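Values in this document were obtained by computation on a predicted structure and should not be read as measured data. To find a chain, count down the sequence lines: A is the first, B the second, and so on, and within it residues start at 1.
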Amino acid sequence: MTGPRVRFAPSPTGFLHVGSARASLFNWLFARQTGGTFILRIEDTDAERNRPEWFGAITSAMTWLGLDYDEGPFLQSELLADHAASAEALFANGYLYACDCTREEIDERLKHHAKPGYDGYCRDRQVARSERTALRFRVPEGGVTVVPDLIRGDVTFPHDSYEDFIVVRSNGVVLYPLANAVDDRSMKITHIIRGEDLLPTTPKQVMMWEALNHCDGIEPVDHPHYAHLPLLVNDQRKKLSKRKDPVAVESYRDQGYLSDAMVNYLALLGWSPKGDVEIVGRDTMIAQFRLEDVSHSPALFDVKKLLHMNGEYLRMLTTEQFVEAAQPWVAPWGSEWRPTNYEAPWTERQFDPALFRQVAHLVQERVGTLGEIAAMVSFFFLDDVPYDEAAFDKTIRHDEVAKALLASAIETFGSVEWTAVVLHDATLALGTAFDLVLRKSQAPIRCAVTGTLVGPPLFESMELLGRDEVIRRLRAAVARAGE
RNA sequence: GGUCCCAUCGUCUAGUGGCCUAGGACAUCACCCUCUCAAGGUGGAGGCACGGGUUCGAAUCCCGUUGGGACUGCCA
């Protein structure tokens, strides 16, 4: 394999962040288009923040999204020896120096200076290394580092704006900028595609990459190409927050968003396919994707548009596919995967798969997510109609005409041919007798049969429910109104 | 404060000097369809942040202003 090599390198925080998912998607699209290699690397060096058991959430979310990787997952925690060796080489070649300053001491010294950070106090003190010393990188004095970015062009950073940053903590852990660069070198990464928030730290990595290339005994490696993707922001125009914003990909899956819709929507954030069509499959995205075409400005993650797009995808499904996709929400007990903290409104005994199959097309064009299905069809399976009290009061309990109409309906429906068309006509005739238009005459019947005023088409629903059950419900509603 | 990034309808975007009277999508409004709710159809409103330049010609190139954001940790 001689194509580009790219990697997705998330830290395991318990779920896949939508911003990370998009970064992963763009890496994947680039790799698939160029015949390159897509590598998954879990950045778990910060033992205090990372939970080993959490990276499973990342791989399962990626699998759901269809972002298959060619190598990995590699755990950065298993590459610690490499990091340490590189740090030693940098130290031996004079690029790193020991520092025993505490944060307090530095703050004290810098109290009267406007510029925060580090003052270079230990730069030339030849401090002996100990378990109290960290290793800092000797940032070149003067000059600049240029980051070649495929999306933004060359970005120039003056060295003066960088303090001598810490590379190795006093406890021996090699920090992100070096660990990341070392792994990218050993994995022969050619293109680093990641979020724009990492752009300011990129010069550190470039400087260390360059320093490594000049260390004795280390084979020089070509610098990679960079591509910094625009940030995903919330309606405050701030970077998506793990605390305040719904960012877990898993939660969208739980709500019943389709993988294809999610991927399509994510791709549209910062990129767009040719022409006026936005609904495009993975093949089209792979064929048309260009890093050069990626937008420069932050994009707002708009759930409304995602919801619309999901509805479009839901409606493109055949009824069979729709029924299949709905299983985790309508029959979770028989489903391999099921949404977390979810319970169907009915029991396995109450649920009738054959009936659901017949009902499915009635809801397929009405829902935005698979998670909305159950509430819409629960009246088919529940023995006790789930009444919307406000609707019941308004259309039945406090309406004497409606009560009389229901009584007539019970009589009429007892003998008519049991098809949606006939039921429609019968209700129309019933309405005429009471001087009501169909929209009015169907309301109390709908409420009595389904419990609410909104839902799937009434007459088809009644046909599927059957004469006996419908009449039972009409009687129950009349009795209930008389209580 | 410093460094860097960014700037087309409310939102996501098309647009790479003349095809722009700025196109599409979501949201929104109206109408149509209609047994409810949706879905669907038709139509409307809505934008090049501002100021200078360059050019015969600028949404597109340059400069400045303003505004927004990211980073600035012994996190990643």
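Between A:Glu196 and A:Arg152 there is a salt bridge, since at least one side-chain N of the basic residue sits less than 4.0 Å from a carboxylate O of the acidic one. A salt bridge between A:Lys394 and A:Asp399 is absent, with no side-chain N of the basic residue lying under 4.0 Å from a carboxylate O of the acidic one. We find that A:Arg7 and A:Asp183 are not joined by a salt bridge, their nearest charged nitrogen and carboxylate oxygen being 4.0 Å or further apart. Ion pairing between a basic and an acidic side chain is recognised when a charged N comes within 4.0 Å of a carboxylate O; A:Arg185 and A:Asp82 show no such pairing.
Distances shorter than 4.0 Å separate none of the side-chain N or O atoms of A:Ser170 from OP1 or OP2 on B:C74. For B:C35, the OP1/OP2 oxygens have no side-chain nitrogen or oxygen of A:Arg439 closer than 4.0 Å. In terms of phosphate contacts, A:Arg194 brings no side-chain nitrogen or oxygen within less than 4.0 Å of OP1 or OP2 of B:A76. When the side-chain nitrogen and oxygen atoms of A:Lys204 are compared with OP1 and OP2 of B:C71, none of them lie within a distance under 4.0 Å. Under 4.0 angstrom from either OP1 or OP2 of B:C26 there lies no side-chain N or O belonging to A:Lys304.
Between B:G69 and B:C26, the distance separating the two C1' atoms is 24 Å to the nearest Å. Going from the P atom of B:U60 to that of B:U54 covers 15 Å, rounded to whole Å. Going from the P atom of B:U65 to that of B:C56 covers 28 Å, rounded to whole Å. B:G23 and B:A14 have their P atoms separated by 15 Å, with the value rounded to a whole Å. For the C1' atom pair drawn from B:A7 and B:G15, the interatomic distance equals 15 Å after rounding to whole Å. Spacing of C1' atoms, B:A22 relative to B:U16, comes out at 15 Å, to the nearest Å. Rounded to whole Å, the C1' atom of B:A25 lies 23 Å from the corresponding atom of B:C33. Taking atom C1' in both B:U28 and B:G46, one finds a spacing of 10 Å when rounded to whole Å.
Ranking B:G69, B:C35, B:C71 by closeness to the A:Glu460 side chain, first place goes to B:C35. The side chain of A:Phe157 sits closest to B:C4 out of B:C35, B:C4, B:A38. Closest to the side chain of A:Ser272, from the set B:C75, B:U13, B:U36, is B:U13. Here the side chain of A:Glu163 is nearest to one of B:C12, B:A70, B:G73, namely B:G73. The side chain of A:Lys305 lies closest to B:G24 when the candidates are B:G24, B:C74, B:A39. Counting only heavy atoms from C-beta on, A:Arg237 has its side chain closest to B:G69 among B:C71, B:U3, B:G69. The side chain of A:Arg366 has B:A38 as its nearest neighbour among B:A70, B:G73, B:A38. Among the nucleotides B:U3, B:C74, B:C6, the one closest to any side-chain atom of A:Ser297 is B:C6. Taking only side-chain atoms of A:Ser11, from C-beta outward, the nucleotide of B:U36, B:A76, B:C12 with the closest atom is B:A76. Side-chain proximity of A:Glu278 to B:C4, B:C6, B:G24: nearest is B:G24.
Among the atoms of the strands shown, base atoms are found under 4.0 Å from some heavy atom of A:Ile166. Looking at heavy-atom distances under 4.0 Å, A:Leu231 makes contact with sugar-phosphate atoms alone, never a base. Using a 4.0 Å heavy-atom distance criterion, A:Leu300 is classed as a sugar-phosphate-only contact. Looking at heavy-atom distances under 4.0 Å, A:Pro457 makes contact with a base. Within the 4.0 angstrom heavy-atom criterion, no nucleotide atom of any strand lies near A:Leu307. Looking at heavy-atom distances under 4.0 Å, A:Cys447 makes no contact with the nucleic acid at all. Base contact: A:Arg132 has a heavy atom under 4.0 Å from a base atom. Residue A:Thr156 is classed as a sugar-phosphate contact, given heavy-atom separations below 4.0 Å to backbone atoms only. Contacts of A:Pro203 with the nucleic acid, taken as non-hydrogen atoms under 4.0 Å apart, are absent. Contact annotation for A:Phe459: base contact, defined as any heavy-atom pair under 4.0 Å involving a base atom.
For B:G73, there is no paired nucleotide, since no Watson-Crick or G-U wobble pair has both relevant distances below 3.5 Å. The partner of B:G43 is B:C29, by the rule that a Watson-Crick or G-U pair needs both atom distances under 3.5 Å. In this structure, B:U34 makes no Watson-Crick or G-U wobble pair, since no nucleotide meets both defining distances under 3.5 angstrom. Judged by Watson-Crick or G-U wobble contacts below 3.5 Å, the nucleotide B:A14 has no partner. If you check B:A7 for Watson-Crick or wobble pairing at under 3.5 angstrom, you find it paired to B:U66. Nucleotide B:U54: unpaired (no Watson-Crick or G-U wobble partner with both distances less than 3.5 Å).
Geometrically, A:Arg315 does not engage A:Tyr313 in a cation-pi contact defined by less than 6.0 Å to the ring centre and at most 45° from the axis. The cationic group of A:Lys204 does not satisfy the cation-pi geometry with A:Tyr162, failing either the under 6.0 Å distance to the six-membered ring centre or the 45° limit from the ring axis. A cation-pi geometry, defined here as NZ or CZ lying under 6.0 Å from the six-membered ring centre and within 45° of its normal, does not hold between A:Arg41 and A:Phe8. Judged by a 6.0 Å distance limit and a 45° cone about the ring axis, A:Arg129 is positioned over the six-membered ring of A:Phe91.
Put simply, the side chain of A:Thr145 never gets that close to the backbone of A:Pro203: no donor and acceptor are under 3.5 Å apart.
Comparing A:Gly455 and A:Gly270 by the nucleotide of RNA chain B whose heavy atom lies nearest to each, the residue mapping closer to the 5' end is A:Gly270. Comparing A:Asp302 and A:Asp154 against RNA chain B, the residue whose closest nucleotide sits nearer the 5' end is A:Asp154.
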